[in-house]
2 protein chains.
Amino acid sequence: MEFKNIDSFNPKECISGKMMRLNRMTANIFRKHLKPFGITDSQLTLLFVLTKRNNLNQKELSDITVLEKSSLNRNLKRLIDSELVSKSSFPIIRITEKGKILVNTIIPEWEKAMAEIKALLESDGISALDTLMNKLMN
Amino acid sequence: MEFKNIDSFNPKECISGKMMRLNRMTANIFRKHLKPFGITDSQLTLLFVLTKRNNLNQKELSDITVLEKSSLNRNLKRLIDSELVSKSSFPIIRITEKGKILVNTIIPEWEKAMAEIKALLESDGISALDTLMNKLMN
DNA sequence: TCAATAAAGTTGTATATACAACTTAGTGTA
DNA sequence: TACACTAAGTTGTATATACAACTTTATTGA
């Protein structure tokens, strides 16, 4: 049986495939650094946003983080269970004092993760990432 | 309470955060196009690899796709359940005839997804992605 | 004000992913 | 060959993520 499409296409070009791989490699580096704190990169991203902006609801958070509302809702649930985030002023989501302390504590280790990935990316890799962000974050 | 680290850091720089967002946006586009075929982008990546290389074991597949061995094992399991992949020549993993037919059928739609994402990325976005791949894939 | 509609938030379900621990298969050396 | 060791593969468990369907909250028009 012949497969004309298969014979002529080049799967290595796949942009989704590349993006998934890059994401896994990056996540592996950050996960390693965050492990001692019992928090994930995705959760840390939310804490980071909430550290700087204290009047967001779930819709706004999901827009900022490009997370589907149900995904966001569940990620928040875990942070609430850990008492790092509070829904007590619903619908506004706020980081707790405990959350702020954790973020403040993690930052030095986050900077180590950043240094590790930056060493791999070098300056042109870092600006390549910004190029992609500018293209896709319309 | 004061948080020196929080006051001075810039969470928007976070490379992991950027990568996760880019990955979600890209995945959203591909998922939309692949939906009619009942297959995911991650599964399609595996079929793509197996379409071109027919003598790989799980270890080799996990290296190529940058997937932890247990993740790979489970992704394969789903493909085996769908009879798109076969483990009958263990430990070698092979795509089945059904799998090849599906890939051949999907390729035109995959090309549409590629066109959509390429239109957003433009040529400098596309080369930015390659820059990142070159940096991280050692 | 109240009913209709829209928006935001929640829950069910499925795949994706990784780490840890375990089992099976393979290798090498005495 | 047999035993020890290593590599590959599998399973348990937890988080991440999205879509669909549902509930709750907010908005708007009569």
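Every heavy atom of this structure was used, including side-chain atoms; hydrogens, water molecules and symmetry mates were not.
- Between B:K32 and B:E116 a salt bridge is recorded (basic side-chain N to carboxylate O distance below 4.0 Å).
- A close approach under 4.0 Å does occur between a side-chain nitrogen or oxygen of B:K87 and OP1 or OP2 of D:dT10.
- Mapping A:P91 and A:E68 onto DNA chain D via the closest heavy atom, the residue that lands nearer the 5' end is A:E68.
- Distances shown here put every side-chain N or O of B:K35 at or beyond 4.0 Å from the OP1 or OP2 atom of C:dA14.
- The nearest whole Å value for the distance from the CZ atom in B:F90 to the P atom in C:dA25 is 7 Å.
- For the residue pair A:Q43 and A:N75, no side-chain donor N or O sits within less than 3.5 Å of a side-chain acceptor on the partner.
- Between the CG atom of B:L22 and the C1' atom of D:dT17 there is a distance of 16 Å, rounded to whole Å.
- Counting atom types as modelled, B:R78 pairs no side-chain N or O with a base atom of C:dT17 as donor and acceptor under 3.5 Å.
- Distances shorter than 4.0 Å separate none of the side-chain N or O atoms of B:R24 from OP1 or OP2 on D:dA16.
- Rounded to whole Å, the distance from CG on A:L56 to C1' on C:dA8 is 14 Å.
- In this structure, A:N28 reaches the C:dA18 phosphate: one of its side-chain N or O atoms is under 4.0 Å from OP1 or OP2.
- Within 4.0 Å (heavy atoms only), B:K32 reaches no atom of the nucleic acid at all.
- Phosphate proximity of C:dA7 to A:Q58: absent, as no side-chain N or O sits under 4.0 Å from OP1 or OP2.
- The side chain of B:M20 sits closest to D:dT17 out of D:dT17, C:dA16, C:dG9.
- Atom NZ of A:K12 has 12 or fewer neighbouring heavy atoms from other residues, nucleotides or ligands inside a 6.0 Å radius.
- Straight-line distance from the NZ atom of A:K59 to the P atom of D:dT27: 15 Å, rounded to whole Å.
- Between A:N75 and D:dT17 there is a side-chain N or O to OP1 or OP2 distance below 4.0 Å.
- Straight-line distance from the CG atom of A:D81 to the P atom of D:dA14: 13 Å, rounded to whole Å.
- In this structure, the NZ atom of A:K77 is 11 Å from the C1' atom of C:dG12, given to the nearest Å.
- Computed from coordinates, the B:L61 CG to D:dA8 C1' distance equals 13 Å when rounded to whole Å.
- Base contact: B:R74 has a heavy atom under 4.0 Å from a base atom.
- Classification of B:E60 and B:R53 as a salt-bridged pair fails, no side-chain N sitting under 4.0 Å from a carboxylate O.
- Atom CG of B:L76 is separated from atom P of C:dA18 by 14 Å (rounded to the nearest Å).
- The side chain of A:L67 lies closest to D:dT17, out of C:dT17, D:dT17, C:dA8.
- Within the structure, every side-chain polar atom (N or O) of A:N73 is placed at least 4.0 Å from both OP1 and OP2 of C:dG9.
- As judged by a 4.0 angstrom heavy-atom cut-off over every strand, A:S42 is placed among residues touching the sugar-phosphate backbone only.
- On a pure distance criterion of 3.5 Å, no polar donor-acceptor pair joins the side chain of A:S71 and the base of D:dA16.
- Residue-level contact check: A:K69 touches the bases, meaning some heavy atom is under 4.0 Å from a base atom.
- Salt-bridge annotation for B:D63 and B:K59: present, with a side-chain N of the basic residue lying under 4.0 Å from a carboxylate O of the acidic one.
- In the hydrophobic clustering of this structure, A:M20 does not group with B:V103; members are Ile, Leu, Val, Met, Phe, Trp, Tyr whose side-chain heavy atoms approach within less than 4.5 Å, directly or through other members.
- Comparing atom distances between the A:N57 side chain and each of D:dT11, C:dT15, C:dG9 picks out C:dG9 as nearest.
- Looking at heavy-atom distances under 4.0 Å, A:L72 makes no contact with the nucleic acid at all.
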